[in-house]
There are 2 protein chains.
Amino acid sequence: MKTYPCSIEKALNIIGNKWSFLVLKELYDGKKRFNELKRTINGISPNALTTTLKHLEKNAILKRTVYPTVPVTVEYELTEKGQAFHSVLKEMKKWGAEWGDVTL
Amino acid sequence: MKTYPCSIEKALNIIGNKWSFLVLKELYDGKKRFNELKRTINGISPNALTTTLKHLEKNAILKRTVYPTVPVTVEYELTEKGQAFHSVLKEMKKWGAEWGDVTL
DNA sequence: CAGCATCCAAAAGGATACTG
DNA sequence: CAGTATCCTTTTGGATGCTG
């Protein structure tokens with residue numbers, strides 16, 4: 001009794017949750033560090049950010065790189081798969097700008 | 001201490017949750033009825049569907065029409081605002097089809 | 001048919017404190 | 001800096017049964 005998910009479900013499962021969208025948005029500007037993301041993303045807790053980043057890394061959306069400085073430096077950047085999702089974000093941004101305040 | 005949301009946050013707040021994406025997807029085929037949606041959307045409970053539909057109606061994404069038949073008939077269809085979101089779904093679908101099974 | 005009410009289990013999320 | 005651990009509150013969500 002197995003039904004397999006449509007492409008949209010696949011996409012949603014890979015992305016995960018709402019935080020992911022916002023993390024992705026930040027990373028389109030270029031690689032970022034943990035605290036940078038934490039500062040930039042309004043209201044995210046370290047806990048939620050950790051979870052989100054791990055999920056995205058597991059799904060090959062981003063790559064995590066550790067530099068053995070003191071203290072340690074960790075950078076996050078998008079993979080090709082993550083970059084490809086940019087088209088979705090762009091459409092979403094356009095829609096949000098055009099309709100975000102419309103009540104009809 | 002007010003920061004106002006970016007367009008992407010606006011979009012996410014209006015859409016709401018994951019179920020909304022799947023409801024929208026169904027409604028791009030044309031107007032649908034409650035049980036039709038319930039049957040088509042894999043694993044959604046009546047409760048979750050009700051909540052989702054109300055949220056989308058409140059945000060002017062869809063329109064609810066009641067026909068006084070016996071028993072009653074209720075149809076849901078997208079507004080212009082809802083239709084406009086189709087471009088996002090289309091991109092998401094493309095991405096899901098291309099990358100949905102890629103592990104890298 | 002199209003829901004709403006109720007109950008309960010599970011998961012998400014915030015706050016705070018602490019570590020290599 | 002980049003998290004982890006813990007606790008606890010809040011949502012979310014499935015299951016079931018009922019109604020106009």
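This is a predicted model, so every value here is computed, not measured. Chain A is the first sequence line, chain B the second, and so forth, proteins listed ahead of strands; every chain is numbered from 1.
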**Message:** Please tell me whether B:K18 and A:N13 have a donor and an acceptor in their side chains that are separated by less than 3.5 angstrom.
**Reply:** yes
**Asked** Atom NZ of A:K18 and atom P of C:dG13: how far apart are they, to the nearest Å?
**Response** 9 Å
**Prompt:** Is the shortest distance from a Lys or Arg side-chain nitrogen in B:K94 or B:E91 to a carboxylate oxygen in the other one below 4.0 Å?
**Reply:** yes
**Message:** Less than 4.0 angstrom from a charged side-chain N to a carboxylate O is my criterion; do B:R39 and B:E36 meet it?
**Reply:** no
**Message:** Tell me whether the rings of B:F21 and A:F21 are parallel (<30°), tilted (30 to 60°) or perpendicular (>60°).
**Reply:** parallel
**Message:** With each end axis built from five pairs of C1' atoms, what bend angle do you get for the helix from C:dC1-D:dG20 to C:dG20-D:dC1? Round to 10°.
**Reply:** 60°
**Message:** Please give me every residue in residues 19-40 of chain B whose heavy atoms get under 4.0 Å of an atom in DNA chain C, ordered by residue number.
**Reply:** B:R33, B:F34, B:N35
**Item:** side-chain hydrogen bond (donor to acceptor under 3.5 Å, both in side chains) partners of B:T73, counting only residues at least two apart
**Value:** B:T69
**Fill in**
Against the side chain of B:S45, the closest entry in D:dG20, D:dG14, D:dG3 is D:dG14
**Salt-bridge criterion met for A:E75 and A:R33 (N-O under 4.0 Å)** = no
**Asked** Given side chains that start at C-beta, do those of A:L53 and A:L37 come closer than 4.5 Å, heavy atoms only?
**Response** yes
**Request:** Report, as yes or no, whether the 6.0 Å neighbourhood of atom NZ on A:K93 holds more than 12 heavy atoms from other residues, nucleotides or ligands.
**Result:** no
**Message:** Between C1' on D:dA15 and CD1 on B:I44, what's the gap in Å once rounded to a whole number?
**Reply:** 15 Å
**Message:** Per the ring pair (Phe, Tyr, Trp, His ring centres under 6.0 Å) rule, what does the pair list look like for residues 48-80 of chain B, sequence neighbours excluded?
**Reply:** none
**Message:** Under 4.0 Å, heavy atom to any atom of DNA chain C: which of residues 47-71 of chain B qualify?
**Reply:** B:N47, B:T50, B:K54, B:R64, B:P71
**Complete:** Across all chains, not counting sequence neighbours, the side-chain hydrogen bond (donor to acceptor under 3.5 Å, both in side chains) partners of B:D29 are none
**Fill in**
In whole angstroms, the gap separating C1' of D:dT10 from CG of B:N17 amounts to 16 Å
